[in-house]
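Below, chains carry the letters A, B, ... as their sequence lines are ordered, and counting in each starts from 1.
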Amino acid sequence: MWDWAGYSLDIARLRGATYADVRVMHLRQRDLTTKNGEVGTLAQSESTGLGIRVLANGAWGFASTDVLTRDGVAACAAQAVAIAKASALAKRDNVKMAEENAYIDSWQSPCRKDPFEIPLETQLALLLAADAEMRRVKGVTLTETDMQFRKIDSWFASSIGSRIHQRKVISGCGIVATSFQGQEIQKRSYPNSFGGQHALEGYELIEGMDLVKHAPVIAEEAVALHSAAQCPEKTGTLILGGSQLGLQIHESVGHPIELDRVLGQEANFAGTSFLTLDQLNKLKYGSEIVNVVADARLDHGPGLGSFAYDDEGVPAQCTDIIKDGQFRGYLSNRETAHLIGLNRSSGTMRTESWNRLPIIRMTNVSLLPGTWSFDDLIADTSDGILMDTNRSWSIDDRRYQFQFSTEIGWEIKGGKKTRMLKNPSYSGITTDFWNSCDAIGSREHWTLWGTPNCGKGQPMQTMGTGHGAAPSRFLNVRIGAAFSNQ
Amino acid sequence: MKKKGRGQSGSQGARAAGLLSVREMHDLVQAVLRLAKESEADDTEVHVDEVDDSLTRFANNAIHQNVAEHGVTVSVRTVVDGRTARATTNRLDEDSLRAAIQASLSLAHSQPKDRHLLPLAGKQRYRAVKRFIDATAAIRPEDRARAVKRASDLAIKRGQVAAGIFATGCSQAAVGNSRGLFAAYRETHAEFSITMTEGAATSWAKANSADVRAFDAQELALRASEKAHRAVNPRELDPGGYTVILEPAAVLDLVGFLFYDFAATALADKRSCLNERMGKPLFGKNISIADDVYHPLQLGSNFDGEGMPRQRVQLVDGGVPRNLVYSRRAAKAARKSPTGHGFALPNEYGEAAMNLVFGGGKTSLEEMIASTERGLLVTRLWYIREVDPYEKVMTGMTRDGLYLVEKGRVTSAARNFRFNQSLIEMLRNVEMLGPAVRATGEEAFEMVVPAMKVRDFHFSEVTKF
């Protein structure tokens, strides 16, 4: 692979590139699902190719190919340079890049049990067992389970002399019970909705989830939701479960801090950001107990945003995003860092595959733990609603106004979790919401949640991001607006 | 084994794009089938997919990303002893193809027998479609860059900022199996999308077609520019029920969420909003919906994931849901005929109506505005998600141009709203329909829909811009 990488850089240089970086990648994926006790998807895929990004005439070009022959690689590199020269026909300024060192390194994510070495029969048997447990509950009308495994090898080389090999193993699983009754569809998921929990781990992640044990619990809750009270419409105290808070962080902190959005580079598609450059170090983003970091280092945990180097050859870093409630930092790359006065990228360029251009992406954007035990949080709440497990999410294109709904809610009265509530939702303005945070759960309740399906860029790229969160409390939140007209 | 490379593709544009010819795809399918015959597979199905796509992206009145990709994948589904599974590779040497066959067999063996698994379909007949346009395939990076430059110059001249994409490309797919079925499809696609920003105001225009000559990028830039200018200084209005005039892109991104509700498998799984509602009046009498890949404004293959020919299906007639789409498996369970809408097997979703065509009307957008005492003109919607799957309540935001209509004319821009709206209720409240056009947005794939004037559309909250 290094030969193809080096050869493509040589051709790019000969064709007139002043800078080039290349990623040769081999991606392997396995998908297993069941539905109503039968196997659904059972598929495996492999993909190998090369993508080269070049600067020529002060502008960018990118081309990719799966023809890994001398001619194929040369044609691809030449195409990238030709595209860059075409880009220069409509440029305003020459691209400037922050300085970076050259690295020669090899890194592998932690993986105790290679999921591709675990017998398929074992994996399917676990899913079918969880599926059976859910179907045992009367009133459940649809059961679904899934497992997904990925092994990604990337050989990165750049014209400044870097040669970095990284291997990542990613595992994920989840189960869902759905119940249709009367005029209503209700569902419950474990350990999270939309595919479950995903992390930079091996099969040990799956074993730690104990799907079979949780299957009847969520199945019973899905059925019980039909007879639960409707979540009231009011302004009040909200406690969010960790997985829901993880998505809240993703949407209302993670995306608005992407510097490409801030600079208008995503204006036509993903949108821009309310965090304009004048807000840095001035905006009171949250209450004083709110501390958010973007941390790609493995020290933070085996998140979907953990790596040793980004796809621009910059080492993983931890960046303060919100410190004691104050807005402190963006996610940047080598091209944009200087625009916020930095002399170095924060290391957030990531690509989905060999055929996609690296773009600024969330790494692990996490709310640091607070001091509250979950029991104390409930006991300290006289009147509130606990919401857990996302059902829908939506936020405007500058990341101000959001609305989330969750699968299940619980009324908190007099410091006790009382009746179940169905169709919970809450909404608000990003900065109002984070400034209303008055209690954050402690380290023992903190989980590094994986969001495997973050879409961004054109052509669209799907990326996994990590979000550490513990159950936390927010005051004066608008609750129930999603169903106010129904 | 045939080596992957630039083939003789049967048309000047396809050759220029370096696509495999239909013959080469056929030969590749047959080569895999021969290899599979040497294995223990009882039957085998092979998909070949190829893309050659380019996309020029611009922002701040300059190109900032400019990419191209070319790739071929081969996907093998083996059937052995009543079990099936799929393996996919993009390495086309004989060893890699054998490895894919073995991986598929290994996956298939790992599971219990599938009592619903059908034998592979035999040879089929297909209605021809021509959706490969040489003029689109011939577009070069320089052509896209010059169009971007013209749009950016317009923005600079008007004190605005342009951002968007100009994408062109071609793709093709073939499916063949050991029972003699073979089908191939090829198309080109071109897309121009632009957002113009003036101060804090934005507006947007977009077009998508097989034929790059079907739209004028500069005309789209001009439209977005003029609408952005009209979006300056928006008024903050109170949330509540409004009459709305939804431009086609706004209609598309909402009604596009219905596409899976028409799947027979979704009804069998009781997750469709049409559960217990088939054959009963559900929408207004002015609502008719078909799935029709052959409509002249549609794109898409004339066969499904099992190689079955796609059929036109009248899904809703006069407001009454009448028919569903069926994969072979769903059709057998329901004692119906397959409609050619199945996904590649194995999968748990069955099928979907991917080529919706709404019946249109004759009212122009201008006539809708002129007929409105007080309402809102909506350019597009954003971040739409399902809040309630059975009542089909959707939430999302207006974006890139929301305008207040008073006494038959646009009087000002309005700050963007969040909506929470049942699609079922919305399609009962349609007062006027425009001509159906090929609409393109960002939430749903392209479909043929009209602009709509809808009463009592529910906005729940307002944002800060």
Side-chain angles (χ1 to χ4, degrees), chain A residues 33 35 38-49 59-67 79 82-83 86-87 89-92 120-121 124 141-142 144 178 180 183-185 264-265 267-269 355 357 392-398 400-401 403 405 427 429 458-459 481-482 484-486, chain B residues 4 55 57 59-71 85-91 103 107 110-111 141-142 145-146 148-149 152 161 163-165 193 195 197 269-271 275 346-348 382-383 385-387 389-391 393 395-397 399 416 418 420 458 460-461 463-465:
Chain A
T33 70
K35 184 179 84 174
E38 295 182 352
V39 174
T41 296
L42 192 51
Q44 190 160 302
S45 65
E46 279 192 273
S47 179
T48 310
W60 288 116
F62 173 88
S64 62
T65 184
D66 57 1
V67 184
Q79 185 185 19
I83 289 171
S87 298
L89 297 174
K91 71 173 179 182
R92 290 178 74 196
L120 282 157
E121 291 83 352
L124 271 178
T141 51
L142 175 65
E144 296 166 285
T178 303
F180 173 67
Q183 300 285 299
E184 196 173 72
I185 298 171
Q265 293 181 0
N268 177 246
F269 184 56
N355 58 358
L357 181 74
S392 76
W393 68 102
S394 175
I395 189 164
D396 72 39
D397 56 289
R398 293 180 201 175
Y400 263 128
Q401 206 286 335
Q403 176 182 296
S405 64
S427 51
I429 295 291
Q458 291 174 293
S484 61
N485 189 44
Q486 310 313 319
Chain B
K4 182 174 64 171
L55 188 147
R57 209 167 183 216
N60 301 310
N61 299 329
I63 292 173
H64 68 302
Q65 292 172 9
N66 206 348
V67 304
E69 67 170 309
H70 186 104
R86 179 172 296 281
T88 303
T89 182
N90 72 340
R91 309 305 305 158
L107 286 163
S110 68
Q111 63 189 307
E142 293 82 358
R146 289 192 188 98
V148 168
K149 179 82 166 47
S152 299
V161 180
I165 62 159
S193 173
T195 300
T197 302
D269 290 343
K270 299 189 183 336
R271 58 174 151 196
N275 279 337
N347 74 80
E348 63 271 35
W382 165 249
Y383 222 129
R385 292 293 183 273
E386 189 176 81
V387 170
Y390 195 62
E391 296 307 323
V393 176
T395 191
M397 300 294 301
R399 177 177 173 180
N416 286 300
R418 169 166 301 287
N420 280 283
H458 188 72
S460 56
E461 289 174 88
T463 190
K464 290 191 170 184
F465 59 93

inquiry  = Using heavy-atom distances under 4.5 Å, tell me whether B:Q111 contacts chain A through its side chain, its backbone, both, or neither.
reply    = both
inquiry  = Between A:E144, A:E184, A:E46, who has the most heavy-atom pairs with chain B when the cutoff is under 4.5 Å?
reply    = A:E46
message = Between B:R418 and A:S394, do the side chains contain a donor N or O and an acceptor N or O under 3.5 Å apart?
response = yes
message = Looking only at heavy atoms and a cut-off of under 4.5 Å, which of B:E142, B:E69, B:M397, B:E386 has the most pairs with chain A?
response = B:E69
request  = Side-chain contact test, heavy atoms from C-beta onward, threshold under 4.5 Å: evaluate it for B:T395 versus A:S405 and give yes or no.
outcome  = no
Proximity breakdown for A:A59 and chain B, heavy-atom pairs closer than 4.5 Å = neither
request  = Would you mind checking which part of A:L124 comes under 4.5 Å of any heavy atom in chain B, side chain (CB onward), backbone (N, CA, C, O), both or neither?
outcome  = side chain
query = Got a donor-acceptor contact below 3.5 angstrom from the B:K270 side chain to the A:F180 backbone?
reply = no
message = Determine whether a donor-acceptor pair (N or O, by modelled atom type, separation under 3.5 Å) exists between the side chain of B:R146 and the backbone of A:A90.
response = no
task = Report yes if some heavy atom in the side chain of B:V67 is under 4.5 Å from a heavy atom in the side chain of A:I83; otherwise report no.
result = no
message = Check whether B:R399 reaches the backbone of A:D397 with its side chain - one donor and one acceptor, N or O, closer than 3.5 Å.
response = no
message = Tell me whether the rings of A:W393 and B:Y383 are parallel (<30°), tilted (30 to 60°) or perpendicular (>60°).
response = perpendicular
task = Against chain B, label A:S47 side chain, backbone, both or neither, depending on which of its atoms sit under 4.5 Å from a heavy atom there.
result = both
ask   = Roughly how far, to the nearest 0.5 Å, is OG1 of A:T141 from CG of B:D269?
value = 8.5 Å
request  = Can you tell which part of B:N416 gets under 4.5 Å to a heavy atom of chain A, answering side chain, backbone, both or neither?
outcome  = neither
request  = Measure the NZ-CD1 distance between B:K464 and A:I429 for me, rounded to the nearest 0.5 Å.
outcome  = 5.5 Å
ask   = Can you say whether B:L55 sits under 4.5 Å from chain A via the side chain, the backbone, both, or neither, judging by heavy atoms?
value = side chain
message = I want to check something: taking the side chain as every heavy atom from C-beta on, are A:Q265 and B:R57 in contact at a cut-off of under 4.5 Å?
response = no
inquiry  = Within the 4.5 Å heavy-atom criterion, are B:N61 and A:R92 side-chain neighbours or not?
reply    = yes
ask   = Going by heavy atoms in the side chains, are B:I63 and A:K91 under 4.5 Å from each other?
value = no
inquiry  = When you compare the side chain of A:W60 with that of B:Q65, does any pair of heavy atoms fall below 4.5 Å?
reply    = no
query = Mind checking whether B:P141 and A:Q79 have side chains closer than 4.5 Å, heavy atoms only?
reply = no
query = Out of A:D396, A:L357, A:N355, which one racks up the most heavy-atom pairs below 4.5 Å with chain B?
reply = A:D396
request  = Check each atom of B:S152 against the heavy atoms of chain A and say whether the ones under 4.5 Å are side chain, backbone, both or neither.
outcome  = neither
query = Relative to chain B, which of A:A82, A:S392, A:A481, A:G61 shows the most heavy atom pairs under 4.5 Å?
reply = A:S392
request  = Decide yes or no for B:N420 and A:Q403: does some side-chain heavy atom of the first lie under 4.5 Å from some side-chain heavy atom of the second?
outcome  = yes
ask   = Roughly how far, to the nearest 0.5 Å, is OG1 of A:T41 from CD of B:E348?
value = 3.5 Å
remark   = Honestly, the part of A:L89 sitting under 4.5 Å from a heavy atom of chain B is both
